[in-house]
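Some notes on the structure that comes next.
Residue numbers begin at 1 in each chain, while the letters A, B, ... track the order of the sequences.
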Amino acid sequence: MANDRYEPREIESRWQEIWAREGTWEVSNDSEEVQARLGEPEKSYVLEMLPYPSGEPHIGHLKTYALGDAIAHFHRRTGHRVLHPMGYDAFGLPAENHAIRTGVHPRQSTDESIAAFQRAFRSWGISIDWTRELATHEPSYYRWTQWIFLRLLERGLAYRKEAAVNWCPHDATVLANEQVIDGRCERCGHEVEIRQLEQWFFRITDYADRLLDELDTINWPEHVKAMQRNWIGRSEGAEVAFRCEELDTEYTVFTTRPDTLFGATFFVFAPEHPDVFRLAAGTEHEEEVHRYVNRALTESPEERGAAEKPKTGVPLGRTITNPVTGEQIPMFVADYVLMEYGTGAVMAVPAHDQRDYDFAQVFDLPIRQVVAPADDSEVPSGEAFVAHSENERLINSGEFTGLSTVEARRAIVEWLDRQGKGNASVNYRLRDWLISRQRYWGCPIPIVYCERCGMVPVPDSDLPVVLPEVEDYQPRGRSPLAAAEDWVNTRCPRCRGPGRRETDTMDTFVDSSWYFLRYCDPHNDQAPWDPKVLAQWMPVDQYIGGVEHAILHLLYARFFVKALADMGLVNVQEPFSSLFTQGMILGPDGQKMSKSRGNVISPGPIVERYGVDAARCYILFIGPPDQDAAWAETSLKGVHHFLSRLWRLGLGEDASASAAAQDGAEAPADPSGDALTLVRKAHWAIDKVTGDMSGRFTFNTAIAAIMELVNDIYRFPEAEPQARRFAIATAASLVFPFAPHLGSEVYQQLTGRRVWEEPWPDVDPDMLRADTFELVCMVNGKLRDRVTANTGAPREELERLALESGGVKARVDGHDVAKVIVVPDKLVNVVLV
RNA sequence: GCCCGGGUGGUGGAAUUUGGUCAGACACGGUCGCCUUAAGAGCGACUGCCCUUUGUGGCGUGAGGGUUCGAGUCCCUCCCCGGGUACCA
């Protein structure tokens with residue numbers, strides 16, 4: 001033996017080589033015939049969110065893939081055929097911005113980064129089926145992104161319109177609503193402007209109800225579902241038409257509180273509302289309205305959105321009729337009303353809406369209470385009465401007075417309906433998905449504009465529309481592709497006349513909205529996938545990724561799958577049956593890792609020094625994986641120490657290899673003494689680890705259980721060798737999903753076999769219970785004695801044992817016993833009067 | 001404001017599934033010892049707080065109340081921290 005030190009890198013590269021050479025983690029798409037013959041072992045599709053290849057992988061990647069890999073290994077060894085593929089989300093702004101700075105083509109920097117990720121994944125020993133690898137910037141992939149775009153276009157789910165859109169002046173491109181955080185670009189942090197532009201959209205709003213309702217069918221963390229519900233923002237209410245007699249026009253508003261209609265004492269338009277100028281024309285306020293609107297439009301969304309700022313607005317100098325009271329109520333324009341939500345106009349009920357109340361105060365407008373608090377309490381002055389319970393009743397509301405707010409909602413909507421003045425309605429916060437980007441490094445939109453035929457889709461047979469080479473990536477308010485004249489000028493696919501290509505590219509979230517489907521059938525060049533093959537694998541059984549994608553990616557992917565399912569191309573309604581969102585690894589200072597803070601931990605040197613098994617185990621041991629955790633190198637050393645101890649146990653057994661060959665690592669038939677203790681501990685560990693892997697993914701306690709097993713093996717050096725070998729082999733087998741190299745190594749030392757080919761160990765339930773236990777004897781809830789009792793002993797016997805025990809007896813004598821609580825196999829509590 | 005999480009030793013965290021003793025598993029850090037020429041590694045013991053009563057002692061899971069024979073765990077009120085979201089009518 002060269003030395004007796006644990007040398008992880010040697011062990012790790014040896015096993016990695018075997019897995020690469022033998023393609024251990026590859027799975028095939030079986031024909032139906034083969035499937036029938038195999039008797040259909042259950043499939044399991046385990047997937048981590050694909051990485052965005054930029055620079056080198058960081059420690060967060062290691063966490064994601066260590067988590068997914070542990071689950072994949074566990075599923076394999078519990079009898080599943082596991083699909084565990086890998087790919088790269090290769091288009092996107094960072095590579096392009098890098099190109100602008102350095103002149104290096106985005107393809108080159110992206111491919112270099114992909115190579116770095118590939119090296120990392122191999123050196124981390126992640127069990128990937130490399131035959132299914134893909135990257136979204138390859139024409140063989142984005143050909144089908146374009147194909148899907150055309151299918152959406154055919155169904156009216158992709159469309160072009162001019163709209164007020166979010167524009168990032170720094171990145172010189174438009175952004176989806178989901179990509180604007182607090183009025184700023186999620187990528188570069190610059191304040192977003194609003195521009196009127198003609199852009200491509202996906203009609204995700206058509207799916208709002210299904211995206212909402214079908215959240216109930218999937219096993220996702222509740223907070224992620226809540227975020228999606230919030231984002232979709234479904235509100236039930238009514239549309240109510242208000243008539244302006246003076247100008248003979250009608251304006252509809254959306255309200256969630258039709259029951260307060262009698263309290264509507266004025267009416268407000270958003271500054272962007274197209275009729276504002278027309279309404280003000282010829283009134284004394286005309287000029288003031290123009291000034292106000294112009295100022296409002298130049299304010300950034302952030303300035304305007306400040307909730308605490310005092311209400312401002314201007315009267316339009318005209319009135320409109322409240323449809324239930326017939327009153328003429330004044331109209332205003334005010335920037336607290338948003339054009340993007342509802343109809344861009346609201347009925348104002350100052351008594352029952354805080355914003356309307358504040359506005360009414362500024363303009364001294366009437367405030368008419370129409371709902372009475374249930375308990376007749378006074379409404380605090382300066383506040384609108386907005387709280388509502390089932391018991392509140394209407395006042396000052398004509399024939400509806402006395403109804404509860406719930407009844408009134410229905411009754412007033414019915415009345416409006418009969419009068420043709422309104423109807424029940426549902427409103428959403430969700431907007432259609434804006435997918436155009438005025439940038440180079442993305443998937444070209446397969447559209448040609450022809451003077452004669454108009455907008456013409458590129459035929460399927462001409463796909464892919466390949467991204468051309470350009471000299472200058474600098475965005476100048478139009479896509480850099482516009483400069484590629486040879487590419488832009490083309491023939492119209494319909495009339496063969498001159499045409500010009502669409503020069504915007506697609507949002508990269510389009511690329512990643514369907515990659516999990518392509519993994520199922522990655523080499524198909526006739527279709528994006530064969531629906532029959534897809535049905536073998538979809539849905540993804542376990543999806544793993546960061547919570548930062550809770551809305552964007554996860555909502556878009558769900559929309560894609562539903563749309564594709566409606567076309568008959570996909571067999572499921574939801575892409576990801578179960579979702580696990582992992583927490584971040586923070587720097588040693590407890591702060592988010594960042595170059596500027598100088599607290600970045602790179603996986604490379606860590607793996608070099610301690611081995612990847614130690615790094616992976618440490619990341620999982622640090623705490624529950626869905627929580628954030630600060631990096632602590634000393635703790636990593638502790639895990640390395642544990643792995644060394646396990647490794648040395650394997651080494652010790654190697655010396656007695658002849659014995660190992662005879663009885664392998666079977667548990668001894670009838671152990672006793674220390675041997676029994678060890679065998680029992682091993683089964684306890686199997687039970688604990690299996691439970692942790694199946695439910696909440698609390699790998700930290702699973703690893704702690706294996707640590708306890710290893711500690712016990714050290715504690716009983718004299719135990720019968722066969723029991724020791726069983727315990728060591730069990731520890732190796734259990735640690736394999738977390739430390740696959742060491743697990744393989746130690747297991748092979750003991751048994752000569754490959755641990756990943758072995759089924760997951762079975763628990764012997766008899767070994768989980770001891771024959772006797774310590775019966776806790778309490779008096780009035782205080783511990784007074786312990787005695788040994790037989791497991792499974794009847795209540796009467798336990799009660800007798802407790803009452804006879806010295807500590808109890810001394811306190812019970814001379815008192816009356818009120819009752820005796822017996823918890824089988826645990827305790828007896830004697831309650832005195 | 002609203003919606004989710006969460007608050008346990010010097011530190012990360014266990015125990016929350018089903019209310020069941022002794023809270024604090026497993027680690028980190030610390031103290032002491034063994035081994036070693038030394039260092040490292042390794043091995044072992046101790047490590048919530050308090051006490052002029054060292055005891056089958058007292059106190060202890062953000063604060064206060066409650067239910068119970070029994071509460072970190074359930075209920076109520078409140079405080080604090082993290083995340084999401086917001087003039088959404």
Could you give the distance separating G12(B) and A25(B) at their C1' atoms, to the nearest angstrom? 13 Å

Residue pair Asn700(A)/Lys826(A) against RNA chain B: nearer the 5' end by closest nucleotide is Asn700(A)

Length of the CH2-C1' vector between Trp631(A) and U11(B), whole Å: 17 Å

So that I can tick it off, tell me whether Asp613(A) and Arg616(A) are bridged by a salt bridge, with the cut-off set at under 4.0 angstrom between side-chain N and carboxylate O. no

Which of these nucleotides, G42(B), C26(B), A15(B), is closest to any side-chain atom of Ala704(A)? C26(B)

Let me know the distance between CD1 of Ile585(A) and C1' of G12(B), rounded to the nearest Å. 12 Å

Using Watson-Crick geometry (N1-N3 plus N6-O4 or O6-N4) or G-U wobble (N1-O2, O6-N3), each under 3.5 Å, U18(B) is paired with none

Base, sugar-phosphate alone, or nothing: which one does Met778(A) contact when heavy atoms must sit under 4.0 Å apart? base

Rounded to whole Å, please give me the gap between CD1 in Ile706(A) and P in C26(B). 14 Å

Pair Glu340(A) + Arg431(A), salt bridge at N-O below 4.0 Å: no

Minimum-distance nucleotide to Tyr336(A) side chain [options: G20(B), A15(B), C87(B)]: C87(B)

Nearest-angstrom distance, P atom, G70(B) to C59(B): 16 Å

Checking base pairs now: Watson-Crick or wobble, both atom distances under 3.5 Å. What partners U67(B)? none

Regarding Glu222(A), tell me which of base, sugar-phosphate or nothing describes its non-hydrogen contacts under 4.0 Å with the strands shown. nothing

Considering only heavy side-chain atoms of Asn230(A), the closest of U85(B), C69(B), C87(B) is U85(B)

Between Arg229(A) and Asp216(A), does any side-chain N to carboxylate O distance fall below 4.0 Å? yes

Looking only at atom C1', what distance separates C76(B) and C69(B), rounded to whole Å? 23 Å

Both distances under 3.5 Å, Watson-Crick or G-U wobble: report the partner of U85(B), or none. G1(B)

Base, sugar-phosphate, or nothing for Asn711(A), non-hydrogen atoms under 4.0 angstrom? sugar-phosphate

Can you tell me the pairing partner of G29(B) across any strand shown, Watson-Crick or G-U wobble, with both distances under 3.5 angstrom? U47(B)

hbond_proxy Lys637(A) side chain to C28(B) base (donor-acceptor, 3.5 Å cutoff): no

Complement of G42(B), any strand, by Watson-Crick or G-U distances under 3.5 angstrom: C34(B)

Any ion pair linking Arg609(A) and Glu633(A) (charged N to carboxylate O, less than 4.0 Å)? yes

Between CZ of Arg229(A) and C1' of A86(B) the distance, given in whole Å, is 18 Å

Counting just side-chain N and O atoms, does Arg5(A) come under 4.0 Å of either OP1 or OP2 of G42(B)? no

Between CG of Asp353(A) and C1' of G1(B) the distance, given in whole Å, is 13 Å

Partner lookup for G60(B), please. Criteria are Watson-Crick or G-U wobble with both distances under 3.5 angstrom; report none if nothing qualifies. none

So what does Arg645(A) hit on the nucleic acid, given a heavy-atom distance under 4.0 Å: a base, only sugar-phosphate, or nothing? sugar-phosphate

Hey, is G9(B) sitting syn or anti, using the within-90° cutoff around 0? syn

Just compare C4(B), A89(B), C69(B) and give me whichever is closest to any side-chain atom of His223(A). C4(B)

Could you give the distance separating C74(B) and U61(B) at their P atoms, to the nearest angstrom? 15 Å

Under 4.0 Å between a side-chain N/O of Arg429(A) and OP1 or OP2 of A86(B), yes or no? yes

Answer yes or no on whether Lys311(A) is positioned over the face of Phe359(A), meaning its NZ or CZ is under 6.0 Å from the six-membered ring centre and within 45° of the axis. no

Is Gln627(A) touching bases, backbone alone, or none of the nucleic acid, heavy atoms closer than 4.0 Å? sugar-phosphate

Determine the Euclidean distance between corresponding C1' atoms of U67(B) and C51(B); express it in Å to zero decimal places. 34 Å

Within the structure shown, what part of the strands sits under 4.0 Å from Pro624(A) by heavy-atom distance: base, sugar-phosphate, or nothing? sugar-phosphate

CG of Leu646(A) versus C1' of C26(B): gap in Å, rounded? 15 Å

Heavy atoms under 4.0 Å, any strand shown: does Gly233(A) hit a base, just sugar-phosphate, or nothing? nothing

Within the structure shown, what part of the strands sits under 4.0 Å from Leu338(A) by heavy-atom distance: base, sugar-phosphate, or nothing? base

Could you check whether Val820(A) gets within reach of a base, just the sugar-phosphate, or nothing at all, counting any heavy atom under 4.0 Å? nothing

Checking Asp692(A) against Thr698(A): is there a side-chain donor and acceptor pair closer than 3.5 Å? yes

Check whether NZ of the Lys or CZ of the Arg Arg368(A) lies under 6.0 Å from the centre of the six-membered ring of Phe262(A) and within 45 degrees of that ring's axis. no

Just how far, in rounded Å, is C1' of C43(B) from OH of Tyr714(A)? 10 Å

Does the pair Arg409(A)/Glu236(A) count as a salt bridge with the N-to-O cut at 4.0 Å? no

In whole angstrom, give me the gap between the C1' atoms of G55(B) and G5(B). 43 Å

Choosing from C28(B), A27(B), A15(B), which nucleotide comes nearest the side chain of Met707(A)? A27(B)

Out of the candidates Val240(A), Val349(A), Val346(A), only one should pair with Thr255(A) under the side chain to side chain contact (heavy atoms under 4.5 Å, CB included) rule; please name it. Val240(A)

Which residue lies more 5' along RNA chain B, comparing Val224(A) with Phe621(A) via nearest heavy atoms: Val224(A)

Phosphate OP1/OP2 of C43(B): any His641(A) side-chain N/O under 4.0 Å: yes

Rounded to whole angstroms, how far apart are CG on Leu643(A) and C1' on A41(B)? 16 Å

From C-beta outward on Ala226(A), which listed nucleotide comes closest to its side chain: C3(B), A89(B), G70(B)? C3(B)

Between G42(B), G20(B), C87(B), which nucleotide has the shortest distance from any of its atoms to the side chain of Asn829(A)? G20(B)

Presence of His352(A) side-chain N/O under 4.0 Å of A89(B) phosphate oxygens OP1/OP2: no

If I pick the P atom on C46(B) and the same atom on A27(B), what distance separates them, to the nearest angstrom? 14 Å

Are Ser235(A) and A89(B) close enough that a side-chain N or O sits under 4.0 Å from OP1 or OP2? yes

G83(B) and C88(B), which share atom name P, separated by this distance in whole Å: 23 Å

Thr205(A)-Asp432(A) side chain donor-acceptor pair, cut-off 3.5 Å: yes

